[in-house]
Amino acid sequence: MTRDETPTTPLTEDPSITGGRAPEQGVGVDELIPTDDDPVLDETEDRVDTSRVSGWRRILRGNRTLWIVALCAVLSLVVGLLVGRFLISPAEAGETPDPGLVTVPVEFGPLSNDVTLRADVGYADAVDVTIDTTGGGSVVTGAVPEVGATLDPLSIALEIEGRPVIVLPGELPAYRTLRIGVSGPDVLQLKQSLVSIGIDAGDVTSNLFDQATANAVGQLYAQAGYPAPSPEEGAEETVRSAEEGVRAAEDGVQQAQQALNLAGAGPSKLESWQADVNVAAAEQALAAARAGAEGTSVQEAEWALQTARLERDQLWAAKNTGAESAALESARAQVDSAAQTLETARQSVLPFLPSSEVLFLTELPRRVDAVNVSRGTSISGAVMTVSGATVRLTGAAAEADARLLKAGGEGTFELPDGTEHRAVIVELNPGKDNKARWEVLFEPDPLTPEQITQLQGANVRVRIAVGATEGDVLSVPLAALTAGPGGESRIEVAESDPRKGDDTETRIVVVETGLAAKGAVEVTPVDGELDEGDLVVVGK
């Protein structure tokens, strides 16, 4: 079929376009569609391909809204270009409006300079506890504390094979058995620890473990409720043997003394009497001989008298007791030796303190944070972790802020229920260098167990007031201050609308400055009036 033979259908009767009804009358998109009557049609195309025309009409009529929106957008673009072409900005016209004054109202209220830092909440000085078991057993048999328990002086930290581990205050760990005769800083610490819990340990300035220290250790075990450690096997028998040796040596001294006394003693009364009688008889015989008595010559009588006198003198002459004296000295030396042996033996049975039965901890009482052993297990490594029984806040501050703080300063932090709680600075530890932050330690006011449980491990914000005014004061921004010709501080107060710029009426007020905090400064007018709400100039 040729194009000239293609059947045509009037546009108004095409059901595909009108949906079976005639199109509505009026001006619309339909009028833009060419028809057979349009004079601009080419002569060669007097007949329109009705199917093609019907497709265009369908597209136009089905997207009427889209075409309207597109037309509006084009119109808006044209209008905008025209407005931009003919409008002139004030800057282009050379007409710059005068800027106004920058003002801030005067404040009235308390002013404080605060340092704010973050701090972790926890128990102080957590440490791992180890016990020296090299000299004894290692099986835990009892007294295992629960987490949260408190260790005080004389507390039993553990029981190992029936023996206690007694808690005492001190910094040096136990590293050797302390017994009579040893000396050192650990002995001095033991003495001071015993005295701190009310046990007399003798001279606390001496680092020697002496008899008084041994007696004090015995009292320590008695107060802890345990017997003192048993001495080495055979030590008591050694003591008894040494005591017998002392008694035997003392008996020897007595015997030697008696022999010396006997050897050095003078004549008996009988011997002395007989010697005197012999001298008297010889004197009488001599007198008789001189008187002429028969039978005895004078010479013989004189010899007899001399002999009697010599015999009497011999009885009273000093005796040589050297051997007896030497025997006595030897006996006495044996007594000294036996006494020393006895002292050594007795010292071996005196109370002593094994390193495995004492636990020195600083800053008692301590709280048990973790327990790594149980009854029946053997000790290996740390047996528990303990910390200070009091809660501590550990914060960090820049050096500039830290230098504003001091021990005893007060801060506040927020409890879980939102209330403020006081904390006191107890220690400031500088950083390793100028760039390092300082450690700031706080001790909070007493907390309830519930509050401690809620705060444990939390990170809180602590605010420390390092300067504050006494009550309400007037304050202005630091930028509002200017220096007068005499160095006095001044502020400029706006009297009229500050938007007038240089035409704004202002007045100068001389002030005395006070505390500066948070970019503001306390001011007191000394020349001129200043009230809350007045607008002070801080810039133009």
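Numbers here simply count residues along the sequence, with the first being 1.
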Backbone N or O of Glu529 within a donor-acceptor pair of the Arg507 side chain at under 3.5 Å? yes
For Thr205 versus Leu188, what's the shortest heavy-atom pair and its separation? C-CD1, 4.0 Å
Okay, side chain of Asp210, backbone of Thr213: is any donor-acceptor separation there less than 3.5 Å? yes
What I want to check is whether the side chains of Glu357 and Tyr226 have a donor and an acceptor closer together than 3.5 Å. no
Do any N or O atoms from the side chain of Ser206 and from the backbone of Asp203 form a donor-acceptor pair under 3.5 angstrom? no
Do the side chain of Gln189 and the main chain of Glu171 share a donor and acceptor less than 3.5 angstrom apart? yes
Carefully, step by step, assess Glu243 and Arg346 under the rule salt bridge (Lys or Arg N to Asp or Glu O under 4.0 Å). CA-CA 10 Å; Glu243 290 174 345; Arg346 285 176 174 174; 3.5 Å; yes
Could you go through Arg437 and Asp401, starting from their C-alpha distance and side-chain angles, then the distance that decides it, and tell me whether this counts as salt bridge (Lys or Arg N to Asp or Glu O under 4.0 Å)? CA-CA 10 Å; Arg437 297 175 69 82; Asp401 290 337; over 6 Å; no
What I'd like to find out is whether the side chain of Leu535 reaches to under 4.5 Å of the side chain of Val104, using heavy atoms alone. no
Minimal non-hydrogen separation, Asp531 against Val106, with atom names: O-CB, 3.5 Å
For Asn215 and Gln211, does a side-chain donor sit closer than 3.5 Å to a side-chain acceptor? yes
Determine, step by step, whether Leu441 and Leu393 satisfy the side chain to side chain contact (heavy atoms under 4.5 Å, CB included) criterion, reporting the C-alpha distance in whole Å, the side-chain angles of both residues, the deciding distance to 0.1 Å, and the verdict. CA-CA 6 Å; Leu441 303 180; Leu393 278 63; over 6 Å; no
Can you find a heavy atom in the side chain of Gln223 that is under 4.5 Å from one in the side chain of Leu154? yes
Heavy-atom closest pair (Phe413 atom, Leu455 atom, distance to 0.1 Å) is CE1-CD1, 4.0 Å
Is a side-chain N or O of Arg366 found less than 3.5 angstrom from the main chain of Thr362, in a donor-acceptor match? yes
Residue pair Tyr175 / Asp132, side-chain heavy-atom distance below 4.5 Å: no
So, for Ala397 and Val440, which heavy atoms are closest and what is the spacing to 0.1 Å? CB-CG2, 4.2 Å
Taken to the nearest 0.5 Å, the spacing of Thr394 OG1 from Glu427 CD works out to 9.5 Å
Can you find a heavy atom in the side chain of Ser183 that is under 4.5 Å from one in the side chain of Phe209? no
Salt bridge flag under 4.0 Å for residues Arg499 and Asp497: yes
Compare every heavy atom of Val144 with every heavy atom of Val373, then report the nearest pair and how far apart it is. O-CG1, 3.9 Å
Side chain to side chain donor-acceptor pair (under 3.5 Å) between Asp128 and Thr385, intermediate numbers included: CA-CA 4 Å; Asp128 291 333; Thr385 301; 2.9 Å; yes
Using a 3.5 Å distance criterion without hydrogens, assess whether the side chain of Asp114 forms a donor-acceptor pair with backbone atoms of Thr116. no
If we only count heavy atoms from C-beta on, is the Thr524 to Val473 side-chain gap below 4.5 Å? no
If you define the side chain from C-beta out and look only at heavy atoms, does anything of Thr506 sit under 4.5 Å from Leu101? yes
Count the heavy atoms belonging to other residues, nucleotides or ligands that lie under 6.0 Å from CZ of Arg461, then report whether that count exceeds 12. no
Answer yes or no: is there a donor N or O on one side and an acceptor on the other, between the side chain of Gln454 and the main chain of Gln451, under 3.5 Å? no
Kindly give the heavy-atom pair with the smallest separation between Pro164 and Tyr221, and that separation in Å. CG-CE2, 4.2 Å
Decide side chain to side chain contact (heavy atoms under 4.5 Å, CB included) for Val523 and Val509; before the verdict, give the C-alpha distance in whole Å, the side-chain angles of both, and the deciding distance to 0.1 Å. CA-CA 10 Å; Val523 293; Val509 179; over 6 Å; no
Assess the residue pair Glu343 and Gln347 against the criterion (side chain to side chain contact (heavy atoms under 4.5 Å, CB included)); give the C-alpha distance rounded to whole Å, side-chain angles, the decisive distance to 0.1 Å, and a yes or no. CA-CA 6 Å; Glu343 180 65 19; Gln347 289 178 357; 3.3 Å; yes
What is the distance from atom CD of Glu488 to atom CD of Glu512, rounded to the nearest 0.5 Å? 12.5 Å
Just do the side chain to side chain contact (heavy atoms under 4.5 Å, CB included) check on Val167 and Ile156 with the steps written out, would you? CA-CA 6 Å; Val167 178; Ile156 305 301; over 6 Å; no
CD on Glu492 to CZ on Arg490, rounded to 0.5 Å: 8.5 Å
Could you tell me whether the side chain of Thr238 and the main chain of Gly234 form a donor-acceptor pair under 3.5 Å? yes
To the nearest 0.5 Å, atom OG1 of Thr141 lies from atom CG of Leu158 at 9.0 Å
Output for pair (Asn113 CG, Leu111 CG), nearest 0.5 Å, gives 8.0 Å
Check whether more than 12 heavy atoms from other residues, nucleotides or ligands sit under 6.0 Å from atom CD of Glu236, and answer yes or no. no
By salt bridge (Lys or Arg N to Asp or Glu O under 4.0 Å), Asp445 pairs with (sequence neighbours left out) Arg422
Nearest 0.5 Å please: distance from the CG atom of Leu478 over to the OG1 atom of Thr513. 9.5 Å
Is the shortest distance from a Lys or Arg side-chain nitrogen in Arg403 or Glu399 to a carboxylate oxygen in the other one below 4.0 Å? yes
Does Asp186 come within less than 4.0 Å of Lys191, counting only side-chain N to carboxylate O? no
Does Glu410 use its side chain to pair, donor to acceptor, with the backbone of Val424 at less than 3.5 Å? no
Does Glu420 have more than 12 heavy atoms from other residues, nucleotides or ligands lying within 6.0 Å of its CD? yes
For Asn372 and Ala382, indicate whether the former's side chain and the latter's backbone hold a donor-acceptor pair under 3.5 Å. yes
Val386 and Leu151, any side-chain heavy atoms less than 4.5 Å apart: yes
Under 3.5 Å, is there a donor-acceptor pair between the Asp369 and Ser387 side chains? yes
Would you check if Val217 and Leu350 make a side-chain contact, meaning some heavy-atom pair closer than 4.5 Å? no
For Arg240, is there an ion pair with Glu237 - N to carboxylate O distance below 4.0 angstrom? yes
Can you confirm whether Arg118 is buried at CZ, in the sense that more than 12 heavy atoms of other residues, nucleotides or ligands lie under 6.0 Å from that atom? yes
